[in-house]
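One structure is given below, encoded as structure tokens.
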There are 2 protein chains.
Amino acid sequence: MPRADAARNRSLLIDAASAELSEHGLDVSISRIAARAGVAKGTVFNHFSSKEELVSAIFCEQLGALAATGETLLEHTDPRSALQQFMTAGAELQVNDRSFCEAVTATSRAHPAVRAASDRLAQAAEALTASARQAGVVRADVTGHDIVLLLGAATWIAAPLAAARSDLWRRYLHLILDGLRPEAAHELPVAAPTNEDFATAATR
Amino acid sequence: MPRADAARNRSLLIDAASAELSEHGLDVSISRIAARAGVAKGTVFNHFSSKEELVSAIFCEQLGALAATGETLLEHTDPRSALQQFMTAGAELQVNDRSFCEAVTATSRAHPAVRAASDRLAQAAEALTASARQAGVVRADVTGHDIVLLLGAATWIAAPLAAARSDLWRRYLHLILDGLRPEAAHELPVAAPTNEDFATAATR
DNA sequence: CACCAACATGACCAGCCGGTCAATTTATGT
DNA sequence: ACATAAATTGACCGGCTGGTCATGTTGGTG
């Protein structure tokens, strides 16, 4: 059982890191995070053996939250709007969080805990996609992996103008969703990514 | 008139910087670039007053090349495939060049020369889009600015798996193109970005 | 050839980073 | 109240970065 102050500091650190990462992206300094949490820099390394470890912990939280959203939507919402709300949630997460953008993309997929969280997200996405496909509200050649990769696209596209037009990402999310409709479908030139693709990409 | 060796070194530097930027992205060190060009670090700053200046010079080259491609396509190709080839060229540029990805997005739009190059690219994109719209091969509510912003999306989406599946970006480019078709069109919730949006985003 | 300005050079600077650790403070069980 | 393990602290380290500058070299010119 950890000491009381240690537990409190750990939670303060996670909050601070989450906030700083969301505001300044992946390259915030440990010092900033420590300062925001109101602790010394050394304390950070008492709780997380390296910066990567700290960042991974937060990524896992966020990936898990989004996966949970997806799982809930799958049960309680019709397939069409479930998928739409899932993608909206994913995009929204990134609007408020610059680092999450890099998290889905991330190299840190090498980290085992992050991999696990990514896998859970991938399963949720696949379930939602399968349901939508079966209902005929999404084109037949799109997979859960596609959806995961597309999650951050709208936010990324609108990022250069985010300061001037904070809701612009919605435009591009809808554009992408229109591309996912069955009536828009034209044969795609390249096959969807597979589990192996993700696996080999992680080990590089 | 510059001295002969100065001109040669300048060109060597631009080649080296271009190569290093494409391989390692925006955060390559000046030392690396200098080493690759076979000159001392100080020489870099003889030719470019800061790193930003060097990077901007290369961005301008690339933006200019893509704009030129667009202008040629406008004259010599039918509207549908002109737009498609334009976007393919834009995506391809980023597959081979990690930094260009960040260039279109770039904060360095603040730099006047980069702004000029971006504007030329925007005009080419708008001309191509107008032509395609008029021919009815693209939905009515899409603009040149949309196209510019969408240029890098496919590459970005496929980036996490680029090592395992180097041609995956084509899948997502086609998916986006399908979303641009008139038959896919559903009302978009947010208006297209305007010139002012780009202007205010640049001054931030 | 000689001469000078243009240019190349690399040691050097301040500042930042992630990470370490001996010394110190503090929470907790008795 | 005390003892002790647990946790905090901040000075410190090596390494890297963009950028500077006195010194040395070289190309062009008359």
Side-chain angles (χ1 to χ4, degrees), chain A residues 1-59 98-99 102-103 106-108 110-111 113-114, chain B residues 1-59 98-99 102-103 106-108 110-111 113-114:
Chain A
M1 191 172 67
R3 244 169 62 172
D5 57 344
R8 201 203 52 190
N9 278 346
R10 188 186 179 88
S11 134
L12 281 172
L13 267 175
I14 287 183
D15 290 352
S18 181
E20 286 293 327
L21 281 171
S22 86
E23 289 172 20
H24 306 290
L26 258 180
D27 47 5
V28 277
S29 67
I30 295 285
S31 319
R32 272 191 79 104
I33 294 173
R36 179 152 186 163
V39 302
K41 187 165 58 165
T43 301
V44 178
F45 293 96
N46 281 345
H47 292 275
F48 305 93
S49 60
S50 70
K51 184 181 184 178
E52 198 194 339
E53 212 70 28
L54 170 57
V55 169
S56 296
I58 283 155
F59 284 176
R98 294 189 45 166
S99 73
E102 319 169 48
T107 37
S108 54
H111 196 284
V114 175
Chain B
M1 192 170 70
R3 245 168 58 174
D5 58 343
R8 201 204 53 191
N9 278 346
R10 187 186 180 89
S11 135
L12 281 172
L13 267 175
I14 289 184
D15 290 351
S18 182
E20 286 292 328
L21 280 170
S22 86
E23 288 172 20
H24 307 290
L26 258 180
D27 47 5
V28 277
S29 67
I30 295 286
S31 319
R32 272 191 79 104
I33 294 173
R36 178 150 187 166
V39 302
K41 186 164 60 164
T43 302
V44 179
F45 293 97
N46 281 345
H47 291 274
F48 305 92
S49 60
S50 70
K51 183 180 184 178
E52 199 194 340
E53 211 70 27
L54 170 58
V55 170
S56 296
I58 283 154
F59 284 176
R98 294 189 47 166
S99 75
E102 319 170 46
T107 38
S108 54
H111 196 285
V114 176

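Naming convention: chains lettered A, B, ... in sequence-line order (proteins, then strands); numbering from 1 in each chain.
For the pair B:Phe45 CZ and D:dA22 P, the computed distance is 17 Å after rounding to whole Å. Distance, B:Phe48 CZ to D:dT20 C1': 18 Å, rounded to whole Å.
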**Q.** nucleotides 2-17 of chain D: protein proximity per nucleotide (B base, S sugar-phosphate only, - neither; heavy atom, under 4.0 Å)
**A.** ----BSBBB------S

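At a cut-off of 3.5 Å, with distance as the only test, no side-chain donor of A:Glu53 or A:His47 sits close to an acceptor on the other residue.
Using a 4.5 Å heavy-atom cutoff, the side chains of A:Asn9 and A:Asn46 are not in contact.
Note that the CD atom of B:Glu52 and the CG atom of B:Leu54 stand 11.0 Å from one another [nearest 0.5 Å]. A distance of 11.5 Å separates OG1 in B:Thr43 from CZ in B:Phe48, rounded to the nearest 0.5 Å. The CZ atom of B:Arg8 sits 10.5 Å away from the CG atom of B:Leu13 when rounded to the nearest 0.5 Å.
Counting only heavy atoms from C-beta on, B:Ser50 has its side chain closest to D:dG19 among C:dA27, D:dG19, D:dG27.
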